[in-house]
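Note sheet for the following structure.
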Number of protein chains: 2
Amino acid sequence: MTEPSRNRVGTTEKSLTILEFLQREDGAGVTEVATALEMSKSTVHSHLTTLVDCGYVTHHDKQYHVSTKLLRLGGRLRDQSPLYQAARIEMKSLAAETDGVVRLYLKEGDDATMIAQEGYYPGIPERHLGERTPLTESIAGPVMLAEHGRSDGGDVVDGAPDDAAEAADSPQVDDEVRDRFARIHRRGYAVETSSTSSDRTFAGALSRRDGAVMGALTVTVPGDAASPLSAGDRLLEAVERVELSLTSWYDSHATFSPKHSWHVHSH
Amino acid sequence: MTEPSRNRVGTTEKSLTILEFLQREDGAGVTEVATALEMSKSTVHSHLTTLVDCGYVTHHDKQYHVSTKLLRLGGRLRDQSPLYQAARIEMKSLAAETDGVVRLYLKEGDDATMIAQEGYYPGIPERHLGERTPLTESIAGPVMLAEHGRSDGGDVVDGAPDDAAEAADSPQVDDEVRDRFARIHRRGYAVETSSTSSDRTFAGALSRRDGAVMGALTVTVPGDAASPLSAGDRLLEAVERVELSLTSWYDSHATFSPKHSWHVHSH
DNA sequence: CATGGTCGTTCGGTATAGTCGAACGAGATC
DNA sequence: GATCTCGTTCGACTATACCGAACGACCATG
């Protein structure tokens, strides 16, 4: 937030700060924004009218709210991503057969972003659309780190200075992480039981044929589910089918589309 | 787009234009943006670095893409909306029982925005998350207009100068619109058969207890579905349950929260 | 009915900062 | 190794974003 490099265009930065403030506060008035962000009322008013004119903010009854334009722009990004295109069908059938909640994560850098969700039951641990969590948290991350390590062929923990190394920076947890990764490798997926509820979550990594980890697929079933065991096996089937569809997508789109490298974010 | 009023902060407007250009083009380089938007390269570079620093754009391999931050901000907006909170559970069960695709629309002004989707089958008419369509198109709109007219008690077509009046501005289609609305009133929901495929879509309006139309619920089933008749009845059940949950939400949150008026947009 | 308070909005002066063109360096292509 | 293209940096100019003050509306309160 505080300027790390000498970029430019502080005006845009200010507008986006106001936008995110409206997001956090679920709407606000002019003076409310001005006092909170320590700006003059007239400046805030200018920025808000600009955001309204551009369609990012609505202005009803002296209250400014963020509009659905952000959802529209973000939704188009998701709908166009090959990962979502490849996973849509399997997410639906996986959720239907396991009667659980299926979530699709996109790996970007050292974080995992939840970009799609299928199915719902009350009491499930909340996870918001677009929520970004570090790879070291919440099974979807570790399963990708483990898969990333396996694709390199060597040991992950004390191997190359990788993303995975950050997950095992403290030596005393080396064995623990190593064991966890070994278990993931053996089964092909990871399991986690919720600490608050009795829900079980199964997670599998989605890799391209060249080994690049693109994301992860997750299915959460309630503790009193009919057959919690088969959920893991069913997840593996879904993962394989998604990967198959994913590689076929890349094969068909590999012909001259340098623009659609679709951010592998490998380093 | 072209300045309708003398607002302010043209810089922000320029940044957002660049952002939307990246959205449309699925990523681009500096000069590509500069030539397309008729700006100097240095200016574009400044704006892009700012957007990157704020997290709205990623910068990999000399290509700038919009990031998932838009999805995150838009997703939080959706997840916090009472309409989505009230409809989540019913959307899931409705999709499971009809084996179709359930969509939730939010009424904002004279448009309907698709904010949630549950279920999927290949070949379904595409509709993107956050997509905004006029109320006169695509059943979700008309069903809201019809419900809006009913809540006013009078005839919609030549009644008060309302939102609905715009749907019937041309006199020769008055009867057609009136008949359609009457049919919707009689059954409680609207039906539409896809012109391209044989899919059938059932739509019902979601109103608050005071009569304000908040949105619409939609279920699309393939033409060769098992029991297409029951989908409409099942939809009605879902609509009633969502409305029940919605009014209870407003009752519990009515106690001093002027900020969460949640844009009824009735104007 | 009057009045003090709050809020949103408008207006013009001033100095900040966003814009532009030119120049530099890296990378690819032939 | 030469030439083109692209991304990035730098400095000067001036457009323009910022601010404070003032105005009008709207609610409470006396």
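Numbers restart at 1 for each chain; the letters A, B, ... are given by sequence-line order, proteins then strands.
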Give a yes/no on whether any side-chain N or O of A:Tyr64 is located under 4.0 angstrom from OP1 or OP2 of C:dT9. yes
Can you pull out the residues from residues 43-51 of chain A that lie within a 4.0 Å heavy-atom distance of DNA chain C? A:His45
For B:Leu37, what residues pass the side-chain contact (heavy atoms from CB on, under 4.5 Å) criterion, not counting sequence neighbours? B:Thr17, B:Ile18, B:Phe21, B:Val33, B:Met39
Comparing nearest nucleotides in DNA chain C, the 5'-proximal residue of the pair A:His59, A:Gly10 is A:His59
Output yes when a side-chain donor or acceptor of B:Arg103 lies under 3.5 Å from a complementary backbone atom of B:Thr218, and no otherwise. no
In this structure, how many angstroms lie between the P atom of C:dT9 and the CD atom of A:Gln63, rounded? 11 Å
Given D:dC18, C:dT19, D:dG7, the nucleotide with the shortest approach to the side chain of B:Lys14: C:dT19
Quickly work out the A:Glu13 CD to C:dG18 C1' distance and round it to whole Å. 13 Å
I'd like to check the side-chain contact (heavy atoms from CB on, under 4.5 Å) partners of A:Ala86; sequence neighbours left out, ordered by chain and number. A:Val242, A:Ser245, A:Leu246
Euclidean distance, atom CE of residue A:Met39 to atom P of D:dA17 [Å, nearest integer]: 13 Å
Pairing residues for A:Asp79 by the salt bridge (Lys or Arg N to Asp or Glu O under 4.0 Å) criterion, not counting sequence neighbours: none
Spacing of A:His60 atom NE2 relative to C:dC7 atom C1', expressed in whole Å: 19 Å
Give the B/S/- string for nucleotides 21-30 of chain C, one per nucleotide from 5' to 3', where a protein heavy atom under 4.0 Å of the base yields B, of only the sugar-phosphate yields S, and otherwise -. B---------
Residues that B:Arg88 engages under salt bridge (Lys or Arg N to Asp or Glu O under 4.0 Å), provided they are two or more places apart: A:Glu126
For DNA chain C, the expected dot-bracket line (Watson-Crick or G-U under 3.5 Å, [ ] crossing, | inter-strand) is .|.|||||||||||||||||||||||||||
Here the salt bridge (charged side-chain N to carboxylate O under 4.0 Å, His left out) pairs for residues 132-142 of chain B, sequence neighbours left out, are B:Glu108-B:Arg132, B:Asp111-B:Arg132
Can you name the side-chain contact (heavy atoms from CB on, under 4.5 Å) partners of B:Ser67, sequence neighbours left out? B:Thr58, B:Lys69
Where the side chain of B:Glu243 meets the backbone of B:Ser207, is there a donor-acceptor pair that is under 3.5 Å apart? yes
Distance, rounded to the nearest Å, where B:Glu32 contributes CD and D:dC6 contributes P: 9 Å
Please identify each residue that fulfils side chain to side chain donor-acceptor pair (under 3.5 Å) with B:Ser42, with sequence neighbours left out. B:Ser40
Suppose we screen for salt bridge (Lys or Arg N to Asp or Glu O under 4.0 Å). Which residues come up paired with B:Arg72, at least two apart in sequence or across chains? none
Among residues at least two apart in sequence or on other chains, which ones pass ring pair (Phe, Tyr, Trp, His ring centres under 6.0 Å) with B:Tyr56? none
